[in-house]
Amino acid sequence: MNITGIKGMNDILPGDIETWQHLEEQARQVFGAFGYREIRVPVVEKTDLFCRSIGETTDIVEKEMYTFSDKGGTSMTLRPEGTAPVMRSFIQHKLYAQDPVSKLYYIGPMFRHERPQKGRYRQFHQIGAEVIGVDDPKIDAQVLAMLSHYFATTKIPDVALQINSLGCPECRPDYREALIKFLEQRLQALCADCQRRYTSNPLRVLDCKVPGCKEATIEAPAMLENLCIGCDTHFNQVKEHLDALSVDYTVNQRMVRGLDYYTKTTFEMITGSLGAQNAIAAGGRYDGLIKDLGGPALPGIGFAIGLERLALLLGEQRIAPPRPELFIATLGEAGTKAGFALLTSLQRQGILAEMEYTGKSLKAQLRRADKLNTRRVLILGEDELERGVAQLRYMDESSQEEIDLNGLESRLLREINSETNGA
RNA sequence: GUGGGUGUAGCUCAGUCGGUAGAGCACCGGAUUGUGGCUCCGGAUGUCGCGGGUUCAAGCCCCGUCACUCACCCCA
């Protein structure tokens with residue numbers, strides 16, 4: 001093959017797509033019930049949007065963005081995440097002027113130039129949801145309840161919710177200082193990566209996997225114990241509401257997020273069955289983001305779900321393709337002509353029907369009908385046409401009856417429609 | 001950006017000591033002149049990733065290269 005796809009950007013083929021469609025339909029259904037409406041924004045934005053929202057010093061902005069100049073010289077970037085574009089749109093169209101609360105969701109591809117591995121791709125897909133305009137902890141709990149419910153209804157195995165609070169511009173800087181001071185004493189004990197993190201992102205040291213680092217930071221100051229009063233009560237109320245809604249969670253004090261805009265509540269949905277990329281959804285509150293982007297000072301909270309990762313988890317549990325109601329098997333020119341006309345007529349009426357187009361033997365036609373898992377087969381042969389009848393074969397029962405050509409189509413429609421409505 | 005693993009039929013993979021390529025599944029046909037699945041019989045399909053080297057001879061050994069993959073980093 002000469003031309004192949006781009007590394008880390010995958011085709012989703014028939015056979016896999018059914019899983020994706022199912023995941024998307026469930027999301028629309030669940031999010032819809034919680035009052036969210038879909039928003040679609042472009043996959044390309046001005047580069048500056050991401051620099052200002054995600055953070056200049058994050059890995060995403062520093063080395064993972066697909067950035068290019070368009071013909072006018074504007075620097076544009078394929079979106080590496082969904083929240084910033086949605087906020088840009090929210091501000092640009094002044095959605096806050098129509099309704100003090102906006103609940104939005106989006107589905108689509110994101111792009112990050114990373115080395116691909118299991119569950120991590122250069123083009124990947126997210127389902128995300130955002131609530132803007134409410135800082136009440138009830139909303140934090142409701143967002144998590146909705147997320148948990150989504151995973152329950154899609155039957156994703158082996159998931160656990162972890163929550164944390166990252167504080168706010170009031171308390172985080174102080175905590176950061178305290179942590180840096182603590183780490184300074186133990187720099188020698190930390191791994192090479194953590195010595196680098198010490199300057200770039202000290203909070204990250206807390207969730208390092210290296211045993212030596214874990215040991216050295218056992219007594220490190222905890223963010224949760226250094227929250228200001230506002231953040232502390234907010235977090236406690238989130239937990240209370242989660243308990244009241246029977247949402248299972250654990251508090252993970254060492255959970256860190258990769259984007260700079262998060263404040264207060266942060267969370268991840270973790271799985272144990274996916275190798276290294278174990279987060280299948282993540283998000284948090286971003287109370288300063290909208291103002292930072294030039295909008296009104298409105299609080300927000302949201303999350304993104306990694307669709308590839310969900311599809312991997314569902315893995316072998318293939319969703320069967322739709323089952324044809326009727327396969328038309330024909331013999332002879334007249335039969336084929338009549339069959340093709342009937343086929344098209346049924347398809348025009350929304351019935352999934354199939355036939356063989358290349359004049360194969362009856363045996364071959366039935367084999368194909370069986371392979372497609374067809375419910376019934378109509379056999380239109382020369383003998384039958386002369387006598388004004390056709391054979392209608394029910395594949396599951398291996399039974400067959402002779403029916404009159406007069407009223408054939410309406411009889412088929414009646415039977416198929418009553419079955420599909422009944423089920 | 002760093003490290004490991006793997007590249008052979010559409011798919012999953014065998015291939016011994018270097019001696020000219022195989023299985024299962026899938027596909028097509030037949031056993032049944034016009035009846036699916038099960039069974040049996042038959043059939044088509046290969047740039048052994050690519051390029052070079054060693055050799056009488058390379059899928060196998062050596063060098064290079066590309067792709068895929070897993071992990072680190074990072075993250076959905």
Side-chain angles (χ1 to χ4, degrees), chain A residues 1-2 4-8 10 13 15 23 54 57-64 79-83 106-128 147 191-194 196-197 200-201 204 207-210 255-259 267-271 274-284 302-313 327 329-332 335 356 358 360-385 390-400:
Chain A
M1 203 192 332
N2 269 336
T4 58
I6 293 170
K7 182 203 285 285
N10 301 314
L13 304 176
L23 290 170
I54 297 170
T57 60
T58 58
D59 275 27
I60 293 177
V61 170
E62 278 187 348
K63 45 193 192 198
E64 295 175 1
R79 62 183 183 192
E81 61 108 30
T83 299
Y106 59 86
I107 300 178
M110 308 294 161
F111 304 84
R112 293 181 200 171
H113 190 106
E114 303 177 85
R115 190 79 163 255
Q117 71 184 72
K118 186 174 187 178
R120 190 179 76 182
Y121 309 100
R122 289 184 174 178
Q123 174 173 330
F124 60 102
H125 296 76
Q126 291 186 329
I127 302 179
L147 188 59
C191 70
D193 280 328
C194 280
R196 178 176 53 75
R197 290 181 182 120
S200 63
N201 190 351
R204 275 260 171 241
D207 72 347
C208 182
K209 292 160 193 159
V210 177
M255 192 181 79
V256 185
R257 310 270 48 251
L259 287 63
F267 50 88
E268 280 182 4
M269 203 56 90
I270 304 289
T271 177
L274 214 57
Q277 309 301 322
N278 63 352
I280 51 178
F303 60 79
I305 299 167
L307 271 177
E308 277 80 0
R309 293 181 185 179
L310 289 197
L312 277 173
L313 281 177
F327 189 99
T330 64
L331 290 160
E356 178 69 57
T358 49
K360 296 196 177 176
S361 68
L362 183 58
K363 174 198 281 292
Q365 295 183 67
L366 278 163
R367 238 201 306 269
R368 179 159 168 78
D370 186 62
K371 182 184 146 79
L372 294 173
N373 192 26
T374 311
R375 175 89 184 84
R376 31 176 114 53
V377 176
L378 185 74
I379 302 170
L380 278 175
E382 285 156 324
D383 298 355
E384 283 88 351
L385 279 179
Q391 306 292 332
L392 185 58
R393 182 172 182 82
Y394 295 89
M395 298 297 273
D396 295 345
E397 292 80 13
S398 293
S399 66
Q400 183 168 321

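Residue numbering restarts at 1 for every chain, and letters A, B, ... go by the order of the sequence lines. Computed from a predicted structure; not experimentally measured.
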Partner lookup for [N], please. Criteria are Watson-Crick or G-U wobble with both distances under 3.5 angstrom; report none if nothing qualifies.
N     : value
B:U16 : none
B:G37 : none
B:U65 : B:G49
B:G43 : B:C27
B:U2  : B:A71

Give the rounded distance in Å between these two atoms: [atom1] of [X] and [atom2] of [N].
X        : N     : atom1 : atom2 : answer
A:Glu114 : B:C74 : CD    : P     : 11 Å
A:Glu356 : B:G34 : CD    : C1'   : 16 Å
A:Arg257 : B:C74 : CZ    : P     : 13 Å
A:Ile54  : B:C74 : CD1   : P     : 17 Å
A:Leu259 : B:C74 : CG    : P     : 14 Å
A:Ile60  : B:A76 : CD1   : P     : 6 Å
A:Arg112 : B:C73 : CZ    : C1'   : 14 Å
A:Leu392 : B:U35 : CG    : P     : 18 Å

Is it true that [X] and [Y] have a side-chain N and a carboxylate O under 4.0 angstrom from each other?
X        : Y        : value
A:Arg367 : A:Asp370 : no
A:Glu397 : A:Arg375 : yes
A:Arg112 : A:Glu81  : no

Item to complete: May I have the step-by-step check of side-chain contact (heavy atoms from CB on, under 4.5 Å) for A:Asp59 and A:Lys63, ending in yes or no?
Response: CA-CA 6 Å; A:Asp59 275 27; A:Lys63 45 193 192 198; 3.3 Å; yes

Classify the nucleic acid contact of [X] as base, sugar-phosphate or nothing, counting any heavy atom under 4.0 Å across all strands shown.
X        : value
A:Gln400 : base
A:Arg376 : nothing
A:Glu62  : nothing
A:Ala282 : sugar-phosphate

Discussion item. Measuring only between side-chain heavy atoms, which start at C-beta, is A:Asp193 closer than 4.5 Å to A:Arg196?
Written reply: yes

Discussion item. If you compare all heavy atoms of A:Lys7 against all heavy atoms of A:Arg122, which two are closest, and at what distance to 0.1 Å?
Written reply: O-CD, 3.4 Å

Practice prompt. Verify the neighbour count for atom CG of A:Leu13: are there more than 12 heavy atoms of other residues, nucleotides or ligands below 6.0 Å?
Written response: yes

Worksheet entry | Gap separating the CZ atom of A:Arg393 from the CG atom of A:Leu378, nearest 0.5 angstrom | 12.5 Å

Worksheet item: In Å, rounded to the nearest 0.5 Å, how long is the span from CG of A:Asp383 to CG of A:Leu331?
Response: 8.5 Å

What N/O pairs connect the protein and nucleotides 36-42 of chain B at under 3.5 Å? Give each pair on its own line.
unit_1 : atom_1 : unit_2   : atom_2 : d
B:G36  : OP1    : A:Lys363 : NZ     : 3.3
B:G36  : O2'    : A:Asp370 : OD2    : 3.4
B:G36  : N7     : A:Arg393 : NH2    : 3.0
B:G36  : O6     : A:Arg393 : NH2    : 3.1
B:G36  : O6     : A:Met395 : O      : 3.4
B:G36  : O6     : A:Ser398 : OG     : 2.2
B:G36  : N1     : A:Met395 : O      : 2.5
B:G36  : N2     : A:Asp370 : OD1    : 3.0
B:G36  : N2     : A:Met395 : O      : 3.2
B:G36  : N3     : A:Asp370 : OD1    : 3.2
B:G37  : O4'    : A:Asp370 : OD2    : 3.2
B:G37  : O6     : A:Ser398 : OG     : 2.4
B:G37  : N1     : A:Ser398 : OG     : 3.1

Worksheet entry | Side-chain donor/acceptor of A:Glu64 to base of B:G1, under 3.5 Å | no

Practice prompt. Examine the base of B:U35 for any acceptor or donor lying under 3.5 Å from a partner atom in the side chain of A:Gln391, and report the outcome as yes or no.
Written response: no

Fill in: Separation of the P atoms in B:A9 and B:U35, to the nearest angstrom
37 Å

Discussion item. Could you tell me how far B:U54 sits from B:C60 if I compare only their P atoms? Round to whole Å.
Written reply: 15 Å

Worksheet entry | Position toward the 5' end of RNA chain B (nearest nucleotide), A:Glu308 or A:Lys63 | A:Lys63

Worksheet item: Any donor-acceptor pair under 3.5 Å linking the side chain of A:Gln123 with the backbone of A:Asn10?
Response: no

Worksheet item: Donor-acceptor pair, A:Gln365 side chain versus A:Lys360 backbone, under 3.5 Å?
Response: yes

Would you list the protein and nucleotides 69-71 of chain B atom pairs, both N or O, that sit under 3.5 Å from each other?
unit_1 : atom_1 : unit_2   : atom_2 : d
B:C70  : OP2    : A:Lys118 : N      : 3.0
B:A71  : OP1    : A:Ala276 : N      : 3.2
B:A71  : OP2    : A:Gln117 : NE2    : 3.2

